[in-house]
Amino acid sequence: MMKDGLAEVAWKALDKLQIELPSWGFANTGTRFGKFIQAGAATNIAEKFSDAAQVHAFAGACPTLALHVQWDLPRGLKDVGEVEKLSKKHGIRAGSINPNIFQNQQYKYGSLGNPDLAIRRMAIDHILQCVAIAEALKSRDVSPWFADGSNYPGTQNMRKRIVFFEEGLKEIHDALRPGQRLLVEYKPFEPAFYHTDIADWGMAYLLAKHAGPQTLVLVDTGHHYQAQNIEQIVAWLLHHEMIGGFHFNDRRYADDDLTLASIDPYQVFRIFHEIRMFEWENGTTADVAYMVDQSHNLKGKIEAMIQTVCVAQELYARAALVDHGRLATLQQECSLVDAEETLRNAFWVDVRPIVKEWRASQGLPVDPMEAFRASGYAERIAQERRENNLGTTASYA
Ligand code: RM4
Ligand code: MN
Ligand code: MN
């Protein structure tokens, strides 16, 4: 089929957009207050791979699955063989390897920032084990999130903890294999409510710089204060070649893993635009890992992931449609209204027909959600997993 200029640009962008799914997004999770159990949620790593493969089959673009070591490879390196088998069976590669340095009782007062040397050692050793697992699975990124911080003023020495983090991350960096990357995620608060050791991109940036060249910053879109200009952070990190990847989700108030762009699609578009503009200016592709970090406890998990990927594809295609040459000229001239309108024009293009045609060209269903629903997979897993999720006597729907 003949494509006009816009469609061609959008198709090219869609061809290269890959989005990593989180294994934990397919399992039953909840809030601090409770869990609403879904009969069809994945109960083990095999089911997580199977569900992720469904998203990839219907929406395309998701060839990798992020793994949380403690939840998915509880025996560490011993579980690598099983993951490899599943990966082969489902055609989904293991993606980023996520350490868990926040759930064990020992981490009550922190992991890498803990005043107790033995606990810092335990956390570093766990992440070093993740580096080995990543190597065995041929995964590039090791992606820790630190819950470290304190709840009351005066209870911890913030400067000492900076040094602990510097030392720990440097040791981990130095153990990375060639080509591997350590991604440092930041979060302003929760679970600590007075101070968080890596609370913003500046702290993550400084720690990553100190650790060494294979350590980069990870931007979780939900981990920002209300008025924060996230695309400006992205611009700074691109400029310094310090952005390793994203965790995609949305939030209205604080980190709550809502579906990407459900609250503010323009913000996601603006983030994609910063990246596309950078790529256009430099004639390169930014080496950024796009990963979803969402655990839906109300929406159907697979449906929510399909929705997320489709939304990301639409917004990415719209960002690709910005007329970069014209925008650069208008910015130079300070033609404010025309520059802004150039950006807005791309945002308001309804790319859905273009994305549909692209899907057809890839052999994908033009309507992934409808095709998934028609497949009967959700009903089948609800039946098969009901007992494991709800128990035999449960009367839940
Ligand atoms: C955090 C953060 C991490 C995720 C944990 C479970 O808020 O977003 O990436 O792994 O939650
Ligand atoms: Mn995250
Ligand atoms: Mn989060």
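Read the numbers this way: they start at 1 and go in the same order the structure lists the ligands and their atoms. Note that the structure is a prediction, hence the values are computed from the model and not measured.
A salt bridge between Lys301 and Asp51 is absent, with no side-chain N of the basic residue lying under 4.0 Å from a carboxylate O of the acidic one. Remark: Arg75 engages Asp79 in a salt bridge, criterion side-chain N to carboxylate O under 4.0 Å.
Some N or O of His247 is nearer than 3.5 Å to an N or O of ligand 1, by distance alone.
The aromatic rings of His240 and Tyr205 lie perpendicular to each other, with more than 60° between the two planes, well past the 30° mark.
Side-chain contact check for Gln103 and Trp71: at least one donor-acceptor pair (N or O, by modelled atom type) lies under 3.5 Å. For the residue pair Gln228/Asp200, the side-chain donor-acceptor check at 3.5 Å is not satisfied.
For ligand 1 and Asp220, the ligand atoms under 4.0 Å from any heavy atom of the residue are 8 (O). Taking every heavy atom of His68 and a limit of under 4.0 angstrom, the matching atoms of ligand 1 come to 10 (O).
Side-chain contact check for Arg359 versus Gln313: some heavy-atom pair is nearer than 4.5 Å. With contacts defined as side-chain heavy-atom distances shorter than 4.5 Å, the pair Phe189/Asp255 does not qualify.
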Walk me through it: do Val288 and Val234 pass the test side-chain contact (heavy atoms from CB on, under 4.5 Å)?
-> CA-CA 11 Å; Val288 179; Val234 172; over 6 Å; no
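Regarding atom 5 (C) of ligand 1, its nearest protein heavy-atom neighbour is Trp145 CE3, 3.6 Å. Of all protein heavy atoms, the one lying nearest to atom 6 (C) of ligand 1 is Phe102 CZ, 4.0 Å. Of all protein heavy atoms, the one lying nearest to atom 4 (C) of ligand 1 is Asp293 OD2, 3.6 Å. For atom 2 (C) of ligand 1, the closest non-hydrogen atom on the protein side is Glu185 OE2, 3.2 Å.
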Side-chain polar contacts of residues 53-64 - donor-acceptor pairs under 3.5 angstrom, sequence neighbours left out - could you list them?
unit_1: His56; atom_1: ND1; unit_2: Cys62; atom_2: N; d: 2.9
unit_1: His56; atom_1: ND1; unit_2: Cys62; atom_2: O; d: 3.4
unit_1: Thr64; atom_1: OG1; unit_2: Glu20; atom_2: OE1; d: 3.0

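Proximity of Lys187 to ligand 1, defined as any heavy-atom pair under 4.0 Å, is confined to the side chain (atoms from C-beta onward). No part of Asn98 comes within 4.0 Å of ligand 1, judged by heavy-atom distances.
Protein N/O/S atoms closer to the Mn ion (ligand 2) than 2.8 Å number 4 in this structure.
Assignment of His223 to the shell around ligand 1 is supported, since a heavy atom sits closer than 4.0 Å.
In terms of heavy atoms, Ser23 sits closest to Leu67 at OG-CA, 4.0 Å.
In this structure, Arg161 forms no cation-pi arrangement with Phe165, as its terminal cationic atom is not both closer than 6.0 Å to the ring centre and no more than 45° off the ring axis.
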